[in-house]
There are 2 protein chains.
Amino acid sequence: MMKVLIVEDDPLHRSYLHEAVNAALPECDTVIEAENGTVGEKLARDHKSAHIVMDLQMASRNGIEAARTIWKERPETRILFWSNYSDEAYVRGVSRIVPDGAAYGYVLKSASDERLKLALRSIFIESQCVIDREVRGLQQKSLGQTNGFTDSEYEILVDIALGLTDRAIAKRRGLSLRSVQNRLQQLYDKLDVYQSAGDDHEDGRFNLRARAVTVAFLRKLLNYSALERAEAELQEWLDGK
Amino acid sequence: MMKVLIVEDDPLHRSYLHEAVNAALPECDTVIEAENGTVGEKLARDHKSAHIVMDLQMASRNGIEAARTIWKERPETRILFWSNYSDEAYVRGVSRIVPDGAAYGYVLKSASDERLKLALRSIFIESQCVIDREVRGLQQKSLGQTNGFTDSEYEILVDIALGLTDRAIAKRRGLSLRSVQNRLQQLYDKLDVYQSAGDDHEDGRFNLRARAVTVAFLRKLLNYSALERAEAELQEWLDGK
DNA sequence: TAACAAGCTGCGGGTTTACGCAAGACGGCG
DNA sequence: CGCCGTCTTGCGTAAACCCGCAGCTTGTTA
């Protein structure tokens, strides 16, 4: 007997998932649905759900937040993330919250029926991690170093994206002013903010700090959800003086 | 006899739309589908489509871009935008490209079947504009002045979001340096960047410029698609010396 | 243990931002 | 016409930012 919880905004996708679960998991006898992260968390708690399919980006409370609190309460929960996009921001967000040894998956909505069903079985039955090929690529790149970003670089990227001053960042991260600026420089370097600036004449130069954020956005290193989470963390920190 | 073109990423939504069109418009005998903006444009041209349902945010070429080129070729085309979100950025983007007197609509994906079908009939048969209540609110706010943004303020917001320096903005918009900075100040004012900054002591102050962009993002004044379009325009301008 | 790369930090200075102050310019309106 | 509000511009200043240079602390490798 197995129970599966589906957390997904869009009614169409929700019913599609429902069918997919029924088809892929005959051993599953009950499927419950939640239409956003908040009720998702609640249902997971009430039903002690061990098998969850979760959409990222939902209006009320996004999948990453929901997954975090769920995993905090029951780290052995198996969660399959089912998302439209493979932004590095999402991938980073997810891999930062998955508990040690937990089984989880990440498949794109553009994947075929087969892939989805296979992933469902692999994760829920075999407790095996299944990460979409495309997503996998990002993961490699971001954890390895090649053309990817260090955690500290990513951290400072988020900080300037939030609009903190150098001084504020220094205080927050426990660094000196100069160190913060060092990190900024290497960030600018990696994001290629210089070349796009007016190379020869100072005709159309960019504001490096602002440009870096934009470039990061355009490259999907950042997205709305990541900003939202970072902002929440920031407020938390501000309140805690 | 009527032909309807559907431009939509998601196969699920596409087939849902297909059914909705069939149900709402018995006089429609052919429905064609495109899975992104690029082929949407092409099909619209080939079939001289006069009735289009268009998703915003698609991977290859987003709905606003596609609609713009379509309307440029055939301004009397009726387009119903069908979107997940009602970000001010989208609303602004759409209302900037709709030709004078054209019939168009904007309904949210969260709307009921009834609403969608009604909108289809109103726009395609009656040539009447139908704008979702929620979206309407934004439109009012942004075109009127109450708590909304002037075009010039919005313009400069985009410019700093792109990462331009004050000087570059001045050159681009044909203003003096000081004027640019004036507009920035009133932007900061409206975005409430000050209060959130460290009120009393200079403990955790914000970089106003960067913060403004973030706040705009969080308030959905900007989004990825808007940035993308702005970036394209910028490149165009840069190339044109 | 020596050597070396990588990261942190202070110093100094050139540039860019943020913004108060004040002098025009333009467009209504009584 | 004169008054007034809005927008533009120049000047000047304090702060913030970008960054080269050089001295230190680490963890790593020979």
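Letters A, B, ... are given to chains in the order of the sequence lines, protein chains preceding strands, and every chain is numbered from 1.
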#### Entry: Min side-chain heavy-atom separation Val91(A)-Ile131(A) under 4.5 Å
no
### Task
Calculate the interatomic distance between Lys171(A) atom NZ and dT9(C) atom C1'; express it in whole Å.
17 Å
### Query
Which part of the nucleic acid, if any, lies within reach of Arg183(B) when heavy atoms closer than 4.0 Å are counted: base, sugar-phosphate only, or nothing?
sugar-phosphate
### Query
Partners of Glu76(B) by salt bridge (Lys or Arg N to Asp or Glu O under 4.0 Å), sequence neighbours excluded?
none
### Message
Under 3.5 Å, is there any donor-acceptor pair linking the side chain of Gln181(A) to the base of dC17(D)?
### Response
no
### Query
Counting any heavy atom closer than 4.0 Å, what does Asn207(A) reach on the DNA or RNA strands: base, sugar-phosphate only, or nothing?
sugar-phosphate
### Message
Any donor-acceptor pair under 3.5 Å linking the side-chain atoms of Gln185(A) with those of Gln181(A)?
### Response
no
### Query
Closer than 4.0 Å, any side-chain N/O of Arg167(B) to the OP1 or OP2 of dT17(C)?
no
#### Entry: N or O in side chain of Gln185(A) less than 4.0 angstrom from dC17(D) OP1/OP2
no
### Message
What I want to check is whether an N or O donor and acceptor connect the side chain of Arg178(A) with the base of dG20(D) at under 3.5 Å.
### Response
yes
### Task
Report yes if at least one side-chain N or O of Ser179(B) is closer than 4.0 Å to OP1 or OP2 of dT8(D); otherwise report no.
no
### Task
Whole angstrom is fine here: how far is it from CG in Leu184(B) over to P in dG20(C)?
13 Å
### Summary
Leu164(A) atom CG is separated from dC17(D) atom C1', nearest whole Å, by 15 Å
### Query
Would you say Ile160(A) and Asn207(B) make side-chain contact, with heavy atoms under 4.5 Å?
no
### For atom CG of Asp151(A) and atom C1' of dG7(C), their distance in whole Å
15 Å
### Query
Atom CG of Leu177(A) to atom P of dC17(D): distance rounded to whole Å?
8 Å
### Query
Rounding to a whole Å, what distance do you find between Ile156(B):CD1 and dC7(D):P?
13 Å
### Task
Taking only the side-chain heavy atoms of Tyr188(A) (C-beta and beyond), determine which of dT9(C), dC17(D), dC18(D) contains the nearest atom.
dC18(D)
